[in-house]
Protein chains: 2
Amino acid sequence: MASMNDVARRAGVSIATVSRVLNNSSSVNEETRLKILKAIKELKYQPSRVAKRLRSKGGPGNLLGVLIPDIQNPFYVDVLRGIEDIAYKNNYVIIVCNFSQDEKKEAMYLDILESEAIDGLIAAPASEDDVRVKKMVQNGLPVVCVDRGLNGIDVDVVWVNNDAGAFAAVDYLAKAGYKRIGHIAGLPTIPSSRLREAGYRRALAENNLPFDPQWLVYGNSTYKSGVELAEKLLSLPTPPDALFTGNNLITLGALETIHKRKLHIPNDVAIIGFDDMNWSNSLNPPLTAVRQPAYEIGQRAGELLIQRIRDPKRAPIQMTLNSELMVRGSC
Amino acid sequence: MASMNDVARRAGVSIATVSRVLNNSSSVNEETRLKILKAIKELKYQPSRVAKRLRSKGGPGNLLGVLIPDIQNPFYVDVLRGIEDIAYKNNYVIIVCNFSQDEKKEAMYLDILESEAIDGLIAAPASEDDVRVKKMVQNGLPVVCVDRGLNGIDVDVVWVNNDAGAFAAVDYLAKAGYKRIGHIAGLPTIPSSRLREAGYRRALAENNLPFDPQWLVYGNSTYKSGVELAEKLLSLPTPPDALFTGNNLITLGALETIHKRKLHIPNDVAIIGFDDMNWSNSLNPPLTAVRQPAYEIGQRAGELLIQRIRDPKRAPIQMTLNSELMVRGSC
DNA sequence: CTGAAAGCGCTAACAG
DNA sequence: CTGTTAGCGCTTTCAG
């Protein structure tokens, strides 16, 4: 790896001049500029991002951190793609930190990101009281949250109207004539889970459907929780005739249980999921679902972050994107 | 962010000594060691990984690059999780570079990784003639390939026996009585695609089934290609009675087409996929598929890479893991 | 056992 | 327009 020194020597100039042509920071004699460019090409010189980052603390190190709770969830993968596309276009690279819903792992990753001198962070915090992420924004690191906000702190957030999305889903179920609508929810510590549950309850109420506590069950938003909680609901003496599942993985798990029990969708039990998937049409019947624009969430978050890096004192923005009910065949 | 200097000053020692206790590099008086540890705690000192990386070129910067062709493919997500778990355990962080099958993007990422002074790279190269990845291993960077090897170069590779896996799948179909077995393949530029096709042809031959070129179609391994090529096959005057799909995304796409045409699986058309999914049981009927141990592939690759970083001249290993036919209900 | 000092590759004053 | 120099935070001789 050629260094700036090598280039300078080869071009017969000082490293400062090389740095100047590299950054267009001040005008350089055209002739020497050409000489330097030539040397750069000949040596295949590539500036070291590490040295740059070390040197210009707070400057553009072109490194972003992304902190997500579960990379197995296709929703986050799509968010990631959105972030990545924006990052790529702006010459940023991202360090992906998947903490698998493990707060210890999250803490460790956050330490590392700090120590890597990232320019900014996009995070879906473990909870809205996440002390570690809070501290990072208090320390002045540009942060934007996705999917989940942070209590008592003003940060950029990009999310979806979870309450309204859930309401739309359950309302649709109610209007379609389902009377016993169950909900497999995620942990109430996660804001979006609570919001979705709220939408569920609200839709029940507005449609004069009774809320039966035995039809509302909580899990940790994994595939396994979907399998088991669907099992539990469907084993009830009076099981739900429709299921509203709180996220992607739960939906998939519930589907496994339904098929295993040889239940027909939607005749025996209907299902509607929060979170659409790119391949919802590959399911049989095709899944009706609340679609979050995951890729777009990622993009917006990426844009906001880069903005904030450039202008750290811009007022925080909460960007609420619209969810959309994708009606297909499962209810 | 406190620096080593701050710690040294607070403890009343030199930075060299601080560095020593941090790295256990040589013995330090127990008393001063304690003093330093105390100062570290008080200042919440965290070593800068950036500075460390800059300083000790070739030393442990604790940064790995991962280059994958398509993060939308669940297979790579699982590989990623495997890598990440191993990396995490060894105090490494990974930079994920998803090049979306775009060679220009791949080149750009490789430049960046080089410039980030990564300690090693795990890559699923665009092709087995991938010049850029080849160059990186020739330059002495520790590299391990997953899923795909590199022509004419000795590198660590972790993959699966693609030929045998495909053979098992198609052989199963043949033994089950299907006579017109079609194959939706990936691009032949990708080694694993060729190998899977070879297995397909071999199984046909060994079962005395005719090979009909119209039943073998190629696409770029995306969901869309699955949708369209399945459409094409099923529109044939004599369509296949079974489909062997070349990867995850193709399978999902083909499923969409099958359902859209209201075809019954397996009566109207059977399907068997290469690449299993964690939620194959959520499909209706559950999908029969060739399972690659994706997570394990990632783990092994991670381990091999860390080994190689520690011992750069260890002889390259080609690790072939076994695929497994998961028989479920789709054929 | 400990400190001084060089240097990794780069940027940003400061001179000239 | 260009060169010199200090220093980002750290590791690593080399002395002592």
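Labels below follow one simple rule: chain letters A, B, ... track the order of the sequence lines, proteins then strands, and each chain is numbered from 1.
- The distance between atom CD1 of B:Ile15 and atom P of D:dG9, rounded to the nearest whole Å, is 11 Å.
- Of the candidates D:dG9, C:dG3, D:dG3, D:dG3 carries the atom nearest the A:Thr17 side chain, counting heavy atoms from C-beta on.
- Atom-to-atom, CD1 of A:Ile36 to C1' of D:dG3 comes out at 12 Å; the value is rounded to the nearest Å.
- Contact of B:Arg53 with D:dG9 (side chain to base): no donor-acceptor pair of N or O atoms is detected under 3.5 Å.
- Distances shorter than 4.0 Å separate none of the side-chain N or O atoms of B:Ser48 from OP1 or OP2 on D:dC10.
- The number of heavy-atom neighbours closer than 6.0 Å to CD of B:Glu30, taken from other residues, nucleotides and ligands shown, is above 12.
- Between B:Asn29 and A:Ser3, the residue anchored closer to the 5' end of DNA chain C is B:Asn29, taking for each the nucleotide with the nearest heavy atom.
- Rounded to whole Å, atom C1' of C:dC8 lies 14 Å from atom CZ of A:Arg55.
- The distance between atom CG of B:Asp6 and atom C1' of D:dC8, rounded to the nearest whole Å, is 13 Å.
- Within the 4.0 Å cut-off from OP1 or OP2 of C:dC1, not a single side-chain nitrogen or oxygen of B:Thr32 is found.
- The shortest distance between the side-chain N/O atoms of A:Ser19 and the OP1/OP2 oxygens of C:dT11 is below 4.0 Å.
- The separation between A:Arg20 atom CZ and C:dC10 atom P is 15 Å, rounded to whole Å.
- The phosphate of C:dT2 (OP1 or OP2) has no side-chain N or O of B:Ser14 nearer than 4.0 angstrom.
- At least one side-chain nitrogen or oxygen of B:Asn23 sits closer than 4.0 Å to the OP1 or OP2 atom of D:dT11.
- In this structure, CE of A:Met4 is placed 8 Å from C1' of C:dT11, rounded to the nearest angstrom.
- Between A:Asp111 and A:Arg132 there is a salt bridge, with a side-chain nitrogen of the basic residue lying less than 4.0 Å from a carboxylate oxygen of the acidic one.
- Counting distance only, with no hydrogens placed and no angle test, the side-chain atoms of A:Arg49 and the base atoms of C:dG9 include no donor-acceptor pair under 3.5 Å.
- Here the P atom of nucleotide D:dG9 and the CZ atom of B:Arg9 are 11 Å apart, to the nearest Å.
- No contact: A:Val50 has no heavy atom under 4.0 Å from any strand.
- A heavy-atom distance below 4.5 Å is found between the side chains of A:Gln72 and B:Asp78.
- Electrostatic pairing of A:Lys89 and A:Glu303 does not count as a salt bridge here, judged by no charged N lying under 4.0 Å from a carboxylate O.
- Between B:Glu84 and B:Arg81, none of the side-chain N atoms (NZ, or NE/NH1/NH2) sits under 4.0 Å from a carboxylate O, so this pair counts as no salt bridge.
- Between the CD atom of B:Glu116 and the C1' atom of C:dG9 there is a distance of 13 Å, given to the nearest Å.
- For B:Ser26, no side-chain nitrogen or oxygen approaches OP1 or OP2 of C:dC1 to under 4.0 Å.
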